Amino acid sequence: MSNYMDKLTKAEDTYTFDDFLIKPGLSSIEPKDVTLETKVSTNYDLNVPIISSAMDTVTESDMAIALARQGGLGVIHRNLTVEDEVNEVKKVKFANELAITDVITISPDETVEDAQEIMDVEGISGLPVVNSEDIVVGIISRRDIKPLRGKNLNRKVSEAMTHNVVTIAESSDTDTALDLAYENKVERLPVVSEDNKIVGIVTMKDILERKKYPSSVRDSQGRYLVAAACGPFDMDRAMALSDAGADIIAIDSAHGHKTDIIESVGNMKKNVDSDILLGNIATGKAAEDILKADIDGIKVGIGPGSICTTRIVAGVGVPQLSAISSVADVAEDSGVPVIADGGLRYSGDVAKALAVGANVVMIGSLLAGTTESPGEMTIRNGRKYKQYRGMGSLGAMTGGVGAGKDRYFQNSGSNMNSSKLVPEGIEGVVPYKGKVSQIVYQLMGGLKSSMGYVGAKSIKEMHEKAELVHITSNGISESHPHDITITNESPNYHPRQ
């Protein structure tokens, strides 16, 4: 006869963020000394350990661009058609390229009037002048046209253009371009090949934009890094995203520890150039099994998100801190990075996730409600809010292309009645938080402070040196502000609900 009581008495104790604190230790490290570089996948590094959730109220191109500029990574959600998701990836890839490759040029034999018309229509202030062999022979700008004061506009471009053109080679970096532009007092630099043929153009605006974000993460061509979500069986979408330039494909599944998913993703890995993150999982055994698919990163978290109801509806999950540590124990020897997905409310939670072995954290609610998150602003009682919903919510299952149904294995057909769906998430609103850059600044400031207390100069040292102490409910209460009415809100702390 079965003894069901054994299932309870033999069950392990598991914990989440509020159950522990990081012990301070002997340190010579100040927060300013800390470096936050980390691996997000086998082939890609970030300058801050943050990636955004692939949710339709969190990440589209604006969020991905903003995070890449700060040194993190955006994961474009998949509640879009393949074409629309590909376009979102391309927007990130083409944002702030140093060299614009789709260059509008003009022939020296065309008229000044033609040049002026092109500039007016395209909204630009200058044109490279190239001969029939695409060799740069000059440049004409509004500054060259202005002295003509509307007269003699029928003269050839060759008569009005600047002949001595400063160009740069394809291999030139930002500093070289900036030095050349300042030295020669020019606003644009044609990019030329070894045989002097035009291949692009760089403007002073583009150069200064690059210098503005020194921590940004870029691919080998100097374009922002971007990730995109894909279903575990959607090979066509995965190949389209890879072809569009997605550096990483994040497999989006509520339960990645399934034999058919492991097999499908293993096959997908062979057909795309992008790195692949697989998840979500919550146990060391799951990590052992999914690593057989030759993946590049593991997403950990079943049910910890603020808008996820999986643990209540299905009664399934593992408290997040225990889930992270159990997966990290297995993944460490393989060299495959661990992404802690969900359950983070404060910068201290980020520190705890890294302390137990995570390489990166994936966040949703902390980024929802920012300027760069999708969705319209609403005003309630004089305060600004933006929509936030789980991908297992009824709205996500029935809106867009219904990616939530597939994610939670309920994709029985496009005409499935909403009353037949079993949601594992909710919909709501979150207060407007301002720009993503400020959120990242506060989160990373708290993380650096934590690493200073530990004496860890890098995330690797955080893994090695951090020790945790288990606390009681009284310890949790003591940790939060108490015996006071808060009158001025802090940018990095909100009271527990």
Side-chain angles (χ1 to χ4, degrees), residues 35-55 58-78 80 85-99 101 173-174 206 209-230 237-252 269 272-279 295-299 335-341 358-364 367 370 372-373 436-437 439-441 443-444 459:
T35 57
L36 298 177
E37 291 86 355
T38 190
K39 294 197 79 64
V40 66
S41 69
T42 304
N43 296 299
Y44 291 100
D45 298 336
L46 300 179
N47 290 324
V48 297
I50 288 182
I51 66 177
S52 63
S53 296
M55 303 169 71
V58 177
T59 313
E60 290 181 355
S61 56
D62 286 347
M63 177 67 72
I65 291 168
L67 282 175
R69 286 172 172 169
Q70 299 303 314
L73 181 75
V75 186
I76 306 294
H77 73 87
R78 67 181 178 104
L80 299 162
E85 189 175 3
V86 162
N87 286 337
E88 290 298 305
V89 168
K90 288 181 176 179
K91 287 178 186 177
V92 182
K93 280 300 178 185
F94 294 149
N96 191 221
E97 283 189 296
L98 181 58
T101 54
D173 57 20
T174 305
D206 296 325
E209 186 79 2
R210 278 290 186 96
K211 299 291 285 185
K212 186 178 178 181
Y213 302 106
S215 297
S216 61
V217 286
R218 302 176 184 273
D219 62 20
S220 58
Q221 299 177 54
R223 304 176 302 177
Y224 290 139
L225 292 186
V226 63
C230 180
R237 183 182 292 261
M239 294 177 70
L241 293 170
S242 180
D243 291 342
D247 303 286
I248 295 172
I249 291 174
I251 300 303
D252 186 37
K269 174 69 176 173
V272 300
D273 294 325
S274 310
D275 277 10
I276 290 185
L277 310 180
L278 179 53
I295 55 174
D296 300 292
I298 302 174
K299 289 198 292 124
V336 175
V338 172
I339 296 97
D341 178 10
N359 301 88
V360 177
V361 297
M362 177 179 254
I363 53 181
L367 296 178
T370 56
E372 294 86 352
S373 64
V436 164
S437 58
I439 302 298
V440 173
Y441 180 83
L443 289 175
M444 294 303 94
I459 290 175

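Small disclaimer: the values here were computed from a predicted structure and weren't measured.
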Would you mind reporting whether [Y] and [X] have side-chain heavy atoms less than 4.5 Å apart?
| X | Y | answer |
| --- | --- | --- |
| M63 | T370 | yes |
| V58 | H77 | no |
| L277 | I295 | no |
| V86 | R237 | no |
| P337 | V40 | no |
| L80 | E60 | yes |

Closest heavy-atom pair and its distance - [X], [Y]:
| X | Y | answer |
| --- | --- | --- |
| I76 | A54 | O-CB, 4.2 Å |
| G222 | R218 | O-NH1, 3.0 Å |
| E372 | A66 | CG-CB, 3.8 Å |
| A64 | V226 | CB-CG2, 4.1 Å |

Check each of L67, I50, L225 against L73 using the side chain to side chain contact (heavy atoms under 4.5 Å, CB included) test, and report the only one that passes.
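The passing option is L225.
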Using the test salt bridge (charged side-chain N to carboxylate O under 4.0 Å, His left out), find all partners of D45 that sit at least two apart in sequence or belong to another chain.
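K39.
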Between E88 and S61, a side-chain donor and acceptor under 3.5 Å
yes
Give a yes-or-no answer on whether the side chains of S41 and D275 include a donor-acceptor pair shorter than 3.5 Å.
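Indeed, the side chains of S41 and D275 share at least one donor-acceptor pair under 3.5 Å.
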Any sub-3.5 Å donor-acceptor pair from [X]'s side-chain atoms to [Y]'s backbone N or O?
| X | Y | result |
| --- | --- | --- |
| S53 | I363 | yes |
| E37 | N47 | no |
| K90 | A244 | no |
| D341 | K299 | no |
| D252 | A229 | no |
| S52 | V75 | yes |

D219 and K93 ion-paired at < 4.0 Å:
yes
Pair R223 + D247, salt bridge at N-O below 4.0 Å:
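No.
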Measure the spacing between [atom1] of [X] and [atom2] of [Y] and express it to the nearest 0.5 Å.
| X | Y | atom1 | atom2 | result |
| --- | --- | --- | --- | --- |
| Q70 | L46 | CD | CG | 12.5 Å |
| I276 | D296 | CD1 | CG | 7.0 Å |
| D273 | N43 | CG | CG | 11.0 Å |
| I248 | S274 | CD1 | OG | 8.5 Å |
| C230 | M239 | SG | CE | 11.0 Å |
| I439 | S373 | CD1 | OG | 10.0 Å |

Y213 OH: over 12 foreign heavy atoms closer than 6.0 Å
yes
